[in-house]
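Both backbone and side-chain heavy atoms feed into the values below; hydrogens, waters and symmetry mates do not.
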Amino acid sequence: MTDLAQEKCGVCNNDTPQVTEVEIKELKPQIPDWEILNIDGEPRLERTYNFKDFKTALAFTNSVGEIAEEAGHHPALLTEWGKVKVSWWTHSIHGLHRNDFIMAAKTDKVATQSFNV
């Protein structure tokens with residue numbers, strides 16, 4: 001099994017298939033704290049991180065924004081006092097792709113390495 005956080009996102013377009021149930025069963029254990037939710041008819045990966053204050057939550061949001069920009073794959077981020085909700089899904093296919101699992105793993109890595117979450 002490869003380390004998802006070390007992978008790079010691949011190119012997606014409207015014809016790219018979503019991950020299968022078999023692929024989800026392989027990938028999900030690598031991001032155990034993430035939930036798969038159906039929002040507006042689309043599956044998404046979602047996790048909320050807790051922080052000691054707004055300033056730290058905002059710094060985490062900016063760090064996630066940096067890795068998203070680098071990968072060319074962008075999440076929904078909701079920053080509040082002491083917490084940040086991160087949602088990953090692939091807009092062009094209206095669902096989940098391996099890229100979303102990669103970025104969730106990268107988000108976890110930022111949280112643990114830079115913010116001790």
Visitor: To the nearest 0.5 angstrom, please state how far the OG1 atom of T48 sits from the CG atom of D33.
Guide: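 Reported value, rounded in 0.5 Å steps: 11.0 Å.
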
Visitor: Could you tell me the separation between the OG1 atom of T20 and the CZ atom of R98, rounded to the nearest 0.5 Å?
Guide: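 CZ of R98 is found 10.5 Å from OG1 of T20.
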
Visitor: Taking side-chain contact (heavy atoms from CB on, under 4.5 Å) as the definition, give me every residue that meets it alongside Q6, ordered by chain and number, with sequence neighbours left out.
Guide: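 Only D3, K109 meet the side-chain contact (heavy atoms from CB on, under 4.5 Å) criterion with Q6.
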
Visitor: Please tabulate, for side-chain N and O atoms in residues 75-83, each donor-acceptor pair with protein atoms closer than 3.5 Å (sequence neighbours left out).
Guide:
| unit_1 | atom_1 | unit_2 | atom_2 | d |
| --- | --- | --- | --- | --- |
| T79 | OG1 | T61 | OG1 | 2.6 |

Visitor: Using the test salt bridge (charged side-chain N to carboxylate O under 4.0 Å, His left out), find all partners of E35 that sit at least two apart in sequence or belong to another chain.
Guide: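 Not a single residue meets the salt bridge (charged side-chain N to carboxylate O under 4.0 Å, His left out) criterion with E35.
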
Visitor: Excluding sequence neighbours, so at least two apart, what forms side-chain contact (heavy atoms from CB on, under 4.5 Å) with E42?
Guide: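 E42 satisfies side-chain contact (heavy atoms from CB on, under 4.5 Å) with R44, W89, H94 only.
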
Visitor: State which residues pass side chain to side chain donor-acceptor pair (under 3.5 Å) with N13; sequence neighbours excluded, sorted by chain then number.
Guide: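 Only T16 meet the side chain to side chain donor-acceptor pair (under 3.5 Å) criterion with N13.
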
Visitor: Does a donor on one side chain sit under 3.5 Å from an acceptor on the other, for T107 and W34?
Guide: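 Absent: no donor and acceptor within the cut-off.
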
Visitor: For E66, what residues pass the side chain to side chain donor-acceptor pair (under 3.5 Å) criterion, not counting sequence neighbours?
Guide: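 Side chain to side chain donor-acceptor pair (under 3.5 Å) check on E66 returns nothing, list empty.
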
Visitor: Could you work out, with side-chain contact (heavy atoms from CB on, under 4.5 Å) as the rule, every residue matching Q18, not counting sequence neighbours?
Guide: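 Q18 satisfies side-chain contact (heavy atoms from CB on, under 4.5 Å) with P43, I93 once adjacent residues are dropped.
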
Visitor: Who passes side-chain contact (heavy atoms from CB on, under 4.5 Å) against L58, sequence neighbours left out?
Guide: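 Listed in chain order: F54, N62.
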
Visitor: Quick one: closest heavy-atom pair of A104 and L45, and the distance?
Guide: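 Reported closest heavy-atom pair: CB-CD1, 4.1 Å.
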
Visitor: Side-chain contact test, heavy atoms from C-beta onward, threshold under 4.5 Å: evaluate it for T90 versus H73 and give yes or no.
Guide: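 Counting from C-beta outward, T90 and H73 do come under 4.5 Å.
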
Visitor: State the NE2-CH2 distance between H74 and W88, to the nearest 0.5 angstrom.
Guide: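 It is 7.5 Å, given to the nearest 0.5 Å.
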
Visitor: For I39, which fellow cluster members are found when Ile, Leu, Val, Met, Phe, Trp and Tyr are connected by side-chain heavy-atom distances below 4.5 angstrom, either directly or through intermediates?
Guide: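 L37, all in the cluster of I39.
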
Visitor: Rounded to the nearest 0.5 Å, what's the gap from CG on D100 to NE2 on H91? Could you check?
Guide: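 Atom-to-atom, D100:CG and H91:NE2 are 8.0 Å apart.
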
Visitor: E7 versus F101: any side-chain heavy-atom pair under 4.5 Å?
Guide: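 Counting from C-beta outward, E7 and F101 never come under 4.5 Å.
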
Visitor: With T56, which residues qualify under side chain to side chain donor-acceptor pair (under 3.5 Å), at least two apart?
Guide: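 Scan of T56 (side chain to side chain donor-acceptor pair (under 3.5 Å), adjacent residues dropped) gives D53.
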
Visitor: Could you state the interatomic distance from CG (N99) to NZ (K106), rounded to the nearest 0.5 Å?
Guide: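 Interatomic distance, N99 CG to K106 NZ, rounded to 0.5 Å: 10.5 Å.
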
Visitor: Can you sort out the partners of Q113 under side chain to side chain donor-acceptor pair (under 3.5 Å), two or more places apart, ordered by chain and number?
Guide: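 Q113 satisfies side chain to side chain donor-acceptor pair (under 3.5 Å) with no residue once adjacent residues are dropped.
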
Visitor: Got a sec, which hydrophobics cluster with V22, joining ILVMFWY side chains under 4.5 Å apart, including via others?
Guide: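 Joined to V22, directly or through intermediates: none.
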
